[in-house]
Amino acid sequence: MAIKKVYIQQLSFDGTTYTKGPVVDLLSMFKIAAKEFPFKKNPEAKELAARDWPGEDGRDVYIPDVIPMKNYDLEVEFLYKGTEKNISNDISSFIDFVYGRNANAVGGRLAIYDEYTKTGRKDIHVLSVDNDVYVYGDSDPDAVASFKVKFGVEDPTTDITPKFSTVAGGHQSVSDLIFDA
């Protein structure tokens, strides 16, 4: 059984258009997999404008044709499997990447697509990284660790679709994360 991957693309938005960085497969680039990416299909609705007139029953509520949704936060547990020699560098490189602090970074705004749930969102940013990295120690020569990252999802409704391209050897690879701007 193949591991389902998570793809992240750094974004920058100038108020009109998005600039996109390359799509990064977390497993290939950083040896990191997400335990789960709990995107919400229908997050909580925003509070609607209302007036409560003392002399009338009920409330006078403006109900639009499409109910707007609130942004939300989500916490993701990541798992790392690599060598003890590289664990610190690999996890640090991943954290720099999601914060937009890596070399050649496009920005700290992210588009993320989870291959397992076939769900993705844009306008995501890191809120915090749990400094407690739990390293599983046993006789295995590889290093295995877990850590958590909290993200803010500012656009809770725009769907992300992966664009596939054929790479060397005839394999399919995600080359872009597509969304309506």
Side-chain angles (χ1 to χ4, degrees), residues 1-44 65-82 86 89-129 146-181:
M1 178 173 100
I3 295 174
K4 299 293 184 180
K5 299 177 181 179
V6 172
Y7 299 94
I8 298 181
Q9 188 172 38
Q10 290 179 332
L11 307 171
S12 177
F13 185 64
D14 65 9
T16 307
T17 58
Y18 282 89
T19 300
K20 296 179 172 184
V23 174
V24 171
D25 164 3
L26 296 186
L27 194 58
S28 298
M29 179 72 78
F30 302 108
K31 300 174 196 72
I32 290 174
K35 187 173 176 184
E36 68 174 330
F37 230 105
F39 286 121
K40 296 179 181 180
K41 182 63 180 164
N42 292 309
E44 187 178 343
D65 292 338
V66 177
I67 305 293
M69 298 289 135
K70 287 184 181 179
N71 64 320
Y72 62 94
D73 300 343
L74 56 87
E75 188 171 73
V76 179
E77 184 174 359
F78 289 99
L79 303 171
Y80 170 85
K81 183 165 173 54
N86 295 330
N89 186 51
D90 288 342
I91 292 176
S92 292
S93 294
F94 166 73
I95 291 168
D96 285 347
F97 175 76
V98 294
Y99 272 112
R101 293 175 167 264
N102 57 305
N104 302 316
V106 172
R109 182 184 298 251
L110 306 170
I112 301 176
Y113 180 78
D114 179 10
E115 193 175 58
Y116 182 73
T117 62
K118 299 192 182 332
T119 308
R121 295 286 180 258
K122 69 175 182 68
D123 295 343
I124 298 170
H125 60 96
V126 175
L127 296 172
S128 64
V129 175
S146 69
F147 60 98
K148 293 179 181 177
V149 178
K150 189 172 186 178
F151 293 96
V153 180
E154 302 305 332
D155 181 346
T157 58
T158 300
D159 289 321
I160 298 288
T161 305
K163 177 183 176 186
F164 292 91
S165 298
T166 304
V167 295
H171 300 288
Q172 292 285 312
S173 176
V174 175
S175 60
D176 196 9
L177 298 178
I178 308 296
F179 53 85
D180 292 329

What residues, two or more places apart in sequence or in another chain, satisfy side chain to side chain donor-acceptor pair (under 3.5 Å) together with [X]?
| X | result |
| --- | --- |
| Asp25 | Lys5, Ser28 |
| Asn71 | Glu154 |
| Lys148 | none |

Considering all heavy atoms, the nearest Phe13-Thr17 contact:
CD1-O, 3.4 Å
Closest heavy-atom contact between Leu177 and Lys20?
O-NZ, 2.7 Å
Those residues that, when tested against Phe179, pass ring pair (Phe, Tyr, Trp, His ring centres under 6.0 Å) (two or more places apart):
Tyr18
Suppose we screen for ring pair (Phe, Tyr, Trp, His ring centres under 6.0 Å). Which residues come up paired with Tyr113, at least two apart in sequence or across chains?
none
Taking atom CE as the centre, does Met29 end up with more than 12 heavy-atom neighbours from other residues, nucleotides or ligands that are less than 6.0 angstrom away?
no
Looking at Asp180, I'd like to know if its CG atom is crowded, meaning that more than 12 non-hydrogen atoms belonging to other residues, nucleotides or ligands lie closer than 6.0 Å.
no
For [X], which residues count as a side-chain contact (heavy atoms from CB on, under 4.5 Å) partner, sequence neighbours excluded?
| X | result |
| --- | --- |
| Asp73 | Leu127, Lys150 |
| Asn86 | Tyr80, Thr83, Asp90 |
| Val66 | none |
| Thr117 | Asp114, Thr119 |

If the plane angle is over 60° it's perpendicular, under 30° parallel, otherwise tilted; pick one for Phe151 and Phe78.
perpendicular
Do Ile8 and Val98 make a side-chain contact, defined as non-hydrogen atoms from C-beta onward lying under 4.5 Å apart?
yes
Does the side chain of Tyr72 come within less than 4.5 Å of Leu74's, by heavy atoms?
yes
Determine whether Thr19 and Asp14 satisfy the following criterion, side chain to side chain contact (heavy atoms under 4.5 Å, CB included), listing intermediate values before the conclusion.
CA-CA 8 Å; Thr19 300; Asp14 65 9; 5.9 Å; no
Acceptor/donor pairs from residues 160-169 side chains to any protein atom, 3.5 angstrom cut, sequence neighbours excluded:
{"unit_1": "Ser165", "atom_1": "OG", "unit_2": "Ser175", "atom_2": "OG", "d": "2.8"}
{"unit_1": "Thr166", "atom_1": "OG1", "unit_2": "Gln172", "atom_2": "NE2", "d": "2.9"}

Between Arg121 and the options Thr158, Thr157, Asp155, Asp159, the side chain to side chain donor-acceptor pair (under 3.5 Å) test singles out Asp159
Using a 3.5 Å cut-off and no angle test, enumerate the donor-acceptor pairs between side-chain atoms of residues 100-110 and protein atoms at least two apart in sequence or in another chain.
{"unit_1": "Asn102", "atom_1": "OD1", "unit_2": "Gln10", "atom_2": "NE2", "d": "2.8"}
{"unit_1": "Arg109", "atom_1": "NH1", "unit_2": "Asp123", "atom_2": "OD1", "d": "2.9"}

Donor-acceptor list for residues 34-44 side chains, cut-off 3.5 Å, not counting sequence neighbours:
{"unit_1": "Glu44", "atom_1": "OE2", "unit_2": "Lys70", "atom_2": "NZ", "d": "3.2"}

Euclidean distance, Leu26 CG relative to Tyr7 OH, rounded to 0.5 Å
9.5 Å
